[in-house]
Amino acid sequence: MTQRALTNWWGSGLKAVALARDPYSHRAQTPRRTCWHAAVALGAVWLLSGPLAEAQDFEATVAAVQAYILDEDYPEVFDDIQYRVQVSNLIVTDLNADGVTDVIAQMEPHYRQSATIILYQVTGEGEVSRATEGLAPGPLVALTGGQLDSHGLPSGVDFSVGGDTPGADRQHGLALASVSRFGNVVEYSTFVHADSRSGNGAYVDMSGIDLPAADRTCEGFEFSPIRQTLVGAVRSLSDQRLLAALVGNEIYLYEIGEVLPTGLLRKRVWIIELPADVTELATDETGAVAILRDGGSLIVLRPQCPDGEGRCTTG
(Lines give C-alpha, C1' and ligand atoms only; values in the text may rest on other atoms or scores of the structure.)
Protein backbone atom coordinates (compact mmCIF):
# COMPACT_ATOMS: atom_id res chain seq x y z
CA MET A 1 0.00 0.00 0.00
CA THR A 2 1.42 3.34 -1.06
CA GLN A 3 1.17 6.26 1.33
CA ARG A 4 1.71 9.86 0.30
CA ALA A 5 1.34 13.06 2.30
CA LEU A 6 -0.42 15.97 0.65
CA THR A 7 1.10 18.86 2.58
CA ASN A 8 0.91 22.64 2.80
CA TRP A 9 -2.03 23.11 0.49
CA TRP A 10 -4.49 23.86 3.32
CA GLY A 11 -2.29 26.39 5.07
CA SER A 12 -0.94 25.99 8.60
CA GLY A 13 -2.02 22.77 10.25
CA LEU A 14 -4.69 21.79 12.71
CA LYS A 15 -5.10 18.04 12.18
CA ALA A 16 -3.90 15.25 9.93
CA VAL A 17 -6.58 13.00 8.49
CA ALA A 18 -6.23 9.54 6.99
CA LEU A 19 -7.92 9.01 3.64
CA ALA A 20 -8.90 5.61 2.31
CA ARG A 21 -9.73 4.94 -1.31
CA ASP A 22 -13.40 4.55 -2.21
CA PRO A 23 -13.34 0.98 -3.58
CA TYR A 24 -15.91 1.84 -6.23
CA SER A 25 -14.90 5.19 -7.65
CA HIS A 26 -11.18 4.88 -6.83
CA ARG A 27 -11.47 8.22 -5.10
CA ALA A 28 -11.10 8.83 -1.41
CA GLN A 29 -13.08 8.91 1.78
CA THR A 30 -11.83 9.97 5.20
CA PRO A 31 -12.51 7.77 8.18
CA ARG A 32 -12.75 10.61 10.72
CA ARG A 33 -12.13 14.24 11.60
CA THR A 34 -11.32 17.29 9.52
CA CYS A 35 -11.33 20.94 10.66
CA TRP A 36 -11.58 23.98 8.42
CA HIS A 37 -11.24 27.64 9.30
CA ALA A 38 -11.38 30.82 7.27
CA ALA A 39 -7.67 31.39 7.87
CA VAL A 40 -6.38 28.08 9.25
CA ALA A 41 -7.05 24.55 8.00
CA LEU A 42 -5.42 21.17 7.46
CA GLY A 43 -1.67 21.00 7.22
CA ALA A 44 -1.31 17.37 6.12
CA VAL A 45 -3.65 14.88 4.55
CA TRP A 46 -2.65 11.28 4.03
CA LEU A 47 -3.80 9.35 1.00
CA LEU A 48 -3.71 5.61 1.50
CA SER A 49 -3.44 3.60 -1.73
CA GLY A 50 -3.77 4.72 -5.30
CA PRO A 51 -1.45 6.15 -7.95
CA LEU A 52 0.03 9.64 -7.96
CA ALA A 53 -2.47 10.93 -10.53
CA GLU A 54 -5.31 9.82 -8.27
CA ALA A 55 -3.77 11.69 -5.36
CA GLN A 56 -3.39 14.83 -7.46
CA ASP A 57 -7.02 14.56 -8.61
CA PHE A 58 -8.18 14.22 -5.02
CA GLU A 59 -6.00 17.14 -3.92
CA ALA A 60 -7.42 19.42 -6.63
CA THR A 61 -11.01 18.39 -5.87
CA VAL A 62 -10.82 18.99 -2.13
CA ALA A 63 -8.91 22.25 -2.61
CA ALA A 64 -11.64 23.48 -4.97
CA VAL A 65 -14.36 22.66 -2.42
CA GLN A 66 -12.42 24.31 0.38
CA ALA A 67 -11.98 27.48 -1.68
CA TYR A 68 -15.68 27.48 -2.54
CA ILE A 69 -16.68 27.17 1.11
CA LEU A 70 -14.27 29.78 2.41
CA ASP A 71 -14.66 32.31 -0.41
CA GLU A 72 -18.18 31.89 -1.81
CA ASP A 73 -20.55 29.98 0.46
CA TYR A 74 -19.42 30.01 4.08
CA PRO A 75 -21.96 28.09 6.23
CA GLU A 76 -23.96 29.32 9.21
CA VAL A 77 -23.25 33.04 8.84
CA PHE A 78 -25.53 35.32 10.87
CA ASP A 79 -24.79 39.06 10.95
CA ASP A 80 -21.37 38.48 9.35
CA ILE A 81 -20.24 36.20 12.20
CA GLN A 82 -18.22 33.26 10.84
CA TYR A 83 -17.69 30.23 13.05
CA ARG A 84 -14.95 27.71 12.38
CA VAL A 85 -16.15 25.13 9.86
CA GLN A 86 -16.01 21.67 11.39
CA VAL A 87 -16.00 18.68 9.03
CA SER A 88 -15.92 15.26 10.69
CA ASN A 89 -15.63 13.27 7.49
CA LEU A 90 -15.09 14.03 3.82
CA ILE A 91 -15.89 11.58 1.02
CA VAL A 92 -14.93 12.15 -2.60
CA THR A 93 -16.78 9.82 -4.97
CA ASP A 94 -19.26 9.60 -7.85
CA LEU A 95 -22.51 8.35 -6.38
CA ASN A 96 -24.49 7.79 -9.57
CA ALA A 97 -21.64 7.33 -12.09
CA ASP A 98 -22.62 10.46 -14.05
CA GLY A 99 -19.05 11.72 -14.36
CA VAL A 100 -19.56 14.58 -11.88
CA THR A 101 -17.51 14.31 -8.70
CA ASP A 102 -19.56 14.25 -5.49
CA VAL A 103 -17.97 15.54 -2.30
CA ILE A 104 -19.92 14.57 0.81
CA ALA A 105 -19.15 16.55 3.95
CA GLN A 106 -20.22 15.25 7.35
CA MET A 107 -20.56 18.42 9.38
CA GLU A 108 -20.59 19.34 13.05
CA PRO A 109 -22.88 22.38 12.92
CA HIS A 110 -22.89 25.21 15.41
CA TYR A 111 -26.67 25.67 15.11
CA ARG A 112 -29.32 23.02 15.80
CA GLN A 113 -31.18 23.73 12.59
CA SER A 114 -28.24 23.10 10.22
CA ALA A 115 -27.79 20.01 8.05
CA THR A 116 -25.29 17.44 9.29
CA ILE A 117 -24.47 16.21 5.77
CA ILE A 118 -23.84 18.55 2.82
CA LEU A 119 -23.31 17.50 -0.79
CA TYR A 120 -20.97 19.44 -3.07
CA GLN A 121 -20.34 18.68 -6.74
CA VAL A 122 -17.22 19.42 -8.77
CA THR A 123 -17.13 19.38 -12.57
CA GLY A 124 -14.15 18.30 -14.65
CA GLU A 125 -13.28 21.99 -15.04
CA GLY A 126 -13.13 22.44 -11.27
CA GLU A 127 -16.42 24.36 -10.91
CA VAL A 128 -18.03 23.75 -7.51
CA SER A 129 -21.69 23.89 -6.51
CA ARG A 130 -23.60 22.91 -3.39
CA ALA A 131 -26.92 21.10 -3.35
CA THR A 132 -29.53 23.29 -1.67
CA GLU A 133 -30.90 20.26 0.14
CA GLY A 134 -28.79 18.91 2.96
CA LEU A 135 -29.39 15.81 5.06
CA ALA A 136 -29.86 15.18 8.77
CA PRO A 137 -30.08 11.42 9.30
CA GLY A 138 -31.48 10.06 12.53
CA PRO A 139 -34.40 10.81 14.83
CA LEU A 140 -34.97 14.16 16.49
CA VAL A 141 -33.41 14.04 19.95
CA ALA A 142 -33.49 15.95 23.21
CA LEU A 143 -31.32 19.04 23.55
CA THR A 144 -27.73 18.44 24.60
CA GLY A 145 -26.76 22.08 25.11
CA GLY A 146 -23.84 21.77 22.72
CA GLN A 147 -25.29 23.87 19.89
CA LEU A 148 -26.67 27.35 19.38
CA ASP A 149 -30.35 28.00 18.64
CA SER A 150 -31.41 30.36 15.87
CA HIS A 151 -34.68 30.98 17.74
CA GLY A 152 -32.63 33.31 19.90
CA LEU A 153 -32.00 35.50 16.87
CA PRO A 154 -34.57 37.96 15.49
CA SER A 155 -34.71 35.97 12.26
CA GLY A 156 -35.47 32.49 13.67
CA VAL A 157 -39.15 31.54 13.30
CA ASP A 158 -41.42 28.48 13.18
CA PHE A 159 -44.66 28.65 11.21
CA SER A 160 -47.31 26.43 9.61
CA VAL A 161 -49.94 26.74 6.91
CA GLY A 162 -52.77 26.55 9.46
CA GLY A 163 -55.23 23.88 10.51
CA ASP A 164 -54.67 20.68 12.45
CA THR A 165 -53.59 18.68 9.40
CA PRO A 166 -51.92 21.04 6.94
CA GLY A 167 -51.75 19.79 3.39
CA ALA A 168 -48.38 18.30 2.60
CA ASP A 169 -48.20 19.91 -0.83
CA ARG A 170 -49.11 23.35 0.53
CA GLN A 171 -46.56 23.14 3.33
CA HIS A 172 -43.86 21.82 1.00
CA GLY A 173 -44.47 24.67 -1.42
CA LEU A 174 -44.33 27.17 1.43
CA ALA A 175 -41.09 25.67 2.72
CA LEU A 176 -39.36 25.84 -0.66
CA ALA A 177 -40.58 29.39 -1.28
CA SER A 178 -39.12 30.39 2.09
CA VAL A 179 -35.58 29.31 1.16
CA SER A 180 -34.99 32.35 -1.03
CA ARG A 181 -36.59 34.67 1.52
CA PHE A 182 -34.84 33.44 4.66
CA GLY A 183 -31.76 31.45 3.63
CA ASN A 184 -32.23 28.30 5.73
CA VAL A 185 -35.39 26.20 5.97
CA VAL A 186 -36.19 22.93 7.75
CA GLU A 187 -39.48 21.26 6.87
CA TYR A 188 -41.10 19.12 9.58
CA SER A 189 -44.34 17.15 9.30
CA THR A 190 -46.59 19.87 10.76
CA PHE A 191 -44.57 23.09 10.58
CA VAL A 192 -41.60 24.82 8.99
CA HIS A 193 -38.55 26.38 10.61
CA ALA A 194 -36.75 29.27 8.89
CA ASP A 195 -33.90 31.57 9.81
CA SER A 196 -32.07 34.31 7.94
CA ARG A 197 -28.48 33.38 7.29
CA SER A 198 -26.15 34.38 4.51
CA GLY A 199 -25.28 32.07 1.64
CA ASN A 200 -26.92 30.41 -1.32
CA GLY A 201 -29.89 28.92 0.53
CA ALA A 202 -30.27 25.64 2.42
CA TYR A 203 -33.12 23.19 2.93
CA VAL A 204 -33.51 20.07 5.10
CA ASP A 205 -36.49 17.73 4.70
CA MET A 206 -37.48 16.25 8.07
CA SER A 207 -41.16 15.86 7.13
CA GLY A 208 -40.97 12.07 7.38
CA ILE A 209 -39.39 12.02 10.86
CA ASP A 210 -41.56 11.66 13.97
CA LEU A 211 -41.82 14.78 16.10
CA PRO A 212 -41.05 14.28 19.81
CA ALA A 213 -43.91 16.60 20.82
CA ALA A 214 -47.11 18.04 19.41
CA ASP A 215 -45.85 21.61 19.70
CA ARG A 216 -45.21 23.24 16.33
CA THR A 217 -41.76 24.46 17.21
CA CYS A 218 -38.28 22.96 17.09
CA GLU A 219 -37.00 24.85 20.14
CA GLY A 220 -37.04 21.69 22.27
CA PHE A 221 -35.05 19.22 20.16
CA GLU A 222 -32.11 18.91 17.77
CA PHE A 223 -30.77 16.68 15.02
CA SER A 224 -29.01 13.43 15.90
CA PRO A 225 -25.21 13.33 15.96
CA ILE A 226 -23.71 11.10 13.28
CA ARG A 227 -21.29 8.40 14.39
CA GLN A 228 -19.86 7.63 10.94
CA THR A 229 -20.43 8.04 7.19
CA LEU A 230 -19.14 6.09 4.21
CA VAL A 231 -20.06 5.18 0.64
CA GLY A 232 -20.54 1.64 -0.59
CA ALA A 233 -22.81 -0.85 -2.30
CA VAL A 234 -25.94 -2.53 -0.97
CA ARG A 235 -26.91 -4.61 -3.97
CA SER A 236 -30.23 -5.82 -2.56
CA LEU A 237 -31.43 -2.21 -2.61
CA SER A 238 -29.77 -0.36 -5.49
CA ASP A 239 -27.40 -0.68 -8.43
CA GLN A 240 -25.63 2.57 -7.52
CA ARG A 241 -23.39 3.55 -4.64
CA LEU A 242 -25.21 4.49 -1.46
CA LEU A 243 -24.31 6.96 1.24
CA ALA A 244 -24.44 5.22 4.62
CA ALA A 245 -24.75 7.14 7.89
CA LEU A 246 -24.46 5.41 11.25
CA VAL A 247 -26.67 7.16 13.81
CA GLY A 248 -27.14 5.53 17.21
CA ASN A 249 -27.92 1.88 16.43
CA GLU A 250 -29.38 2.60 13.00
CA ILE A 251 -28.00 2.98 9.50
CA TYR A 252 -29.56 5.54 7.19
CA LEU A 253 -28.91 4.58 3.55
CA TYR A 254 -29.36 7.25 0.87
CA GLU A 255 -29.60 6.62 -2.85
CA ILE A 256 -29.01 10.04 -4.40
CA GLY A 257 -30.09 9.81 -8.02
CA GLU A 258 -29.30 13.40 -8.94
CA VAL A 259 -29.25 16.99 -7.81
CA LEU A 260 -32.28 18.58 -9.47
CA PRO A 261 -32.13 22.04 -11.09
CA THR A 262 -33.87 23.39 -7.96
CA GLY A 263 -30.96 22.18 -5.83
CA LEU A 264 -33.13 19.50 -4.20
CA LEU A 265 -32.12 15.85 -4.18
CA ARG A 266 -33.87 13.05 -6.01
CA LYS A 267 -33.33 10.42 -3.38
CA ARG A 268 -34.54 7.26 -1.71
CA VAL A 269 -33.92 6.49 1.96
CA TRP A 270 -33.76 3.24 3.91
CA ILE A 271 -33.42 2.90 7.69
CA ILE A 272 -32.00 -0.26 9.21
CA GLU A 273 -31.95 -1.04 12.93
CA LEU A 274 -28.73 -2.73 13.98
CA PRO A 275 -27.70 -5.02 16.83
CA ALA A 276 -26.53 -3.15 19.91
CA ASP A 277 -22.96 -4.45 19.60
CA VAL A 278 -22.20 -2.80 16.23
CA THR A 279 -19.09 -0.68 16.64
CA GLU A 280 -18.67 0.84 13.16
CA LEU A 281 -19.38 0.63 9.45
CA ALA A 282 -16.92 -0.73 6.91
CA THR A 283 -16.76 -2.02 3.35
CA ASP A 284 -15.57 -5.45 2.28
CA GLU A 285 -13.12 -6.16 -0.52
CA THR A 286 -15.87 -5.71 -3.13
CA GLY A 287 -17.01 -2.34 -1.80
CA ALA A 288 -20.17 -3.66 -0.14
CA VAL A 289 -21.35 -1.89 3.03
CA ALA A 290 -20.74 -4.01 6.12
CA ILE A 291 -21.04 -3.70 9.88
CA LEU A 292 -18.27 -4.45 12.34
CA ARG A 293 -19.51 -6.02 15.55
CA ASP A 294 -17.90 -6.05 18.96
CA GLY A 295 -15.40 -8.89 18.78
CA GLY A 296 -14.27 -8.08 15.26
CA SER A 297 -16.73 -9.95 13.03
CA LEU A 298 -17.46 -8.22 9.71
CA ILE A 299 -20.96 -8.80 8.33
CA VAL A 300 -22.00 -7.57 4.88
CA LEU A 301 -25.29 -5.71 4.96
CA ARG A 302 -28.14 -7.58 3.20
CA PRO A 303 -31.28 -5.75 4.35
CA GLN A 304 -34.82 -6.93 3.70
CA CYS A 305 -37.14 -4.05 2.80
CA PRO A 306 -40.67 -5.31 2.16
CA ASP A 307 -42.02 -1.87 1.29
CA GLY A 308 -39.20 -1.03 -1.12
CA GLU A 309 -38.20 2.03 0.94
CA GLY A 310 -38.32 3.07 4.57
CA ARG A 311 -37.58 0.79 7.50
CA CYS A 312 -35.84 -2.51 6.86
CA THR A 313 -34.54 -5.50 8.76
CA THR A 314 -30.89 -6.54 8.68
CA GLY A 315 -31.66 -9.81 6.86
Side-chain angles (χ1 to χ4, degrees), residues 22 24-25 27 29 65 89-107 109 113-122 128-140 168-169 171-173 175-176 178-179 184-189 192-193 200-210 223-224 226 228-247 250-273 281 283 287-289 301 303-312:
D22 178 341
Y24 269 83
S25 68
R27 293 171 183 164
Q29 46 189 330
V65 172
N89 193 24
L90 194 71
I91 304 172
V92 178
T93 186
D94 184 355
L95 288 169
N96 59 357
D98 63 354
V100 176
T101 300
D102 300 306
V103 180
I104 302 161
Q106 177 188 329
M107 310 296 290
Q113 299 84 10
S114 298
T116 49
I117 294 177
I118 299 176
L119 174 63
Y120 298 91
Q121 292 192 309
V122 185
V128 181
S129 61
R130 172 178 59 80
T132 301
E133 182 174 353
L135 304 172
L140 300 166
D169 290 342
Q171 177 170 289
H172 185 60
L176 296 183
S178 300
V179 172
N184 182 69
V185 169
V186 183
E187 182 178 1
Y188 298 98
S189 58
V192 175
H193 169 83
N200 297 330
Y203 168 79
V204 181
D205 182 8
M206 302 297 285
S207 61
I209 304 299
D210 293 338
F223 297 155
S224 291
I226 301 174
Q228 185 186 359
T229 52
L230 59 72
V231 167
V234 182
R235 295 180 181 88
S236 63
L237 299 181
S238 174
D239 293 332
Q240 74 170 62
R241 305 176 192 101
L242 302 184
L243 168 62
L246 180 60
V247 181
E250 293 180 326
I251 297 179
Y252 280 65
L253 293 170
Y254 295 90
E255 178 194 75
I256 300 176
E258 64 177 321
V259 179
L260 299 169
T262 58
L264 302 185
L265 303 177
R266 181 172 64 81
K267 65 184 187 297
R268 292 196 292 168
V269 186
W270 297 272
I271 306 169
I272 304 168
E273 187 172 353
L281 303 180
T283 54
V289 177
L301 207 60
Q304 304 297 317
C305 305
D307 297 327
E309 189 177 359
R311 289 203 166 268
C312 312

message = Under the criterion side chain to side chain contact (heavy atoms under 4.5 Å, CB included), I'd like the reasoning laid out for Leu135 against Val269: C-alpha separation, chi angles, the key distance, then a yes or no.
response = CA-CA 11 Å; Leu135 304 172; Val269 186; over 6 Å; no

query = Which pair of non-hydrogen atoms, one from Thr262 and one from Thr132, has the smallest distance, and what is that distance?
reply = O-OG1, 3.7 Å

request  = Compare all side-chain heavy atoms of Val231 with those of Asp102 and state whether any distance is below 4.5 angstrom.
outcome  = no

inquiry  = Looking at every heavy atom in both Asp205 and Glu133, which two are closest together, and how far apart are they?
reply    = CB-OE2, 4.0 Å

ask   = Taking the side chain from Asn200 and the backbone from Arg130, do they hold a donor-acceptor pair closer than 3.5 Å?
value = no

key: CD on Gln228 to CD on Gln106, rounded to 0.5 Å   = 8.5 Å

query = Does Ser224 use its side chain to pair, donor to acceptor, with the backbone of Pro139 at less than 3.5 Å?
reply = yes

Minimal non-hydrogen separation, Asn184 against Gln113, with atom names = ND2-O, 3.2 Å

ask   = In chain order, what residues pass the side-chain hydrogen bond (donor to acceptor under 3.5 Å, both in side chains) check against Ser236, with sequence neighbours excluded?
value = none

ask   = Rounded to the nearest 0.5 Å, how far apart are OG1 of Thr229 and CE of Met107?
value = 11.5 Å

message = How close do Pro303 and Cys312 get, counting heavy atoms only, and between which atoms?
response = CB-CB, 4.2 Å

ask   = Of all residues at least two apart in sequence or in a different chain, which pass the side chain to side chain contact (heavy atoms under 4.5 Å, CB included) check with Ala136?
value = Thr116, Val204, Met206, Phe223

query = Between atom CG of Leu242 and atom CD1 of Ile251, what is the distance when rounded to the nearest 0.5 Å?
reply = 10.5 Å

ask   = How far does CG of Leu119 sit from CD1 of Ile91, to the nearest 0.5 angstrom?
value = 10.5 Å

message = Between Leu265 and Tyr254, is there a side-chain heavy-atom distance shorter than 4.5 Å?
response = no

Sequence-distant partners of Tyr188, ring pair (Phe, Tyr, Trp, His ring centres under 6.0 Å), two or more places apart = Phe191, Phe221

key: Minimal non-hydrogen separation, Ile117 against Ala245, with atom names   = CD1-CB, 4.3 Å

task = Verify, without hydrogens or angle tests, whether Glu187 (side chain) and Ala175 (backbone) share a donor-acceptor contact under 3.5 angstrom.
result = no

message = Can you list everything that forms a side chain to side chain contact (heavy atoms under 4.5 Å, CB included) with Val103? Sequence neighbours excluded, please.
response = Thr61, Val65, Leu90, Val92, Thr101, Tyr120, Val122

task = For Ser238, check side-chain hydrogen bond (donor to acceptor under 3.5 Å, both in side chains) against everything at least two apart and list the hits.
result = Glu255

ask   = Which residues satisfy the side-chain hydrogen bond (donor to acceptor under 3.5 Å, both in side chains) test with Glu309, sequence neighbours excluded?
value = none

key: Ser129: side chain to side chain contact (heavy atoms under 4.5 Å, CB included) partners, not counting sequence neighbours   = Gln121

task = Would you check if the side chain of Arg268 reaches a backbone N or O of Gly257 as a donor-acceptor pair within less than 3.5 Å?
result = no

ask   = Any side-chain heavy-atom pair from Leu264 and Leu176 closer than 4.5 angstrom?
value = yes

message = I'd like to check Leu95 versus Ile104 (side-chain heavy atoms, cut-off strictly below 4.5 Å). Are they in contact?
response = yes

query = What are the two closest heavy atoms between Val179 and Ala202, and how far apart are they?
reply = CG1-N, 3.9 Å

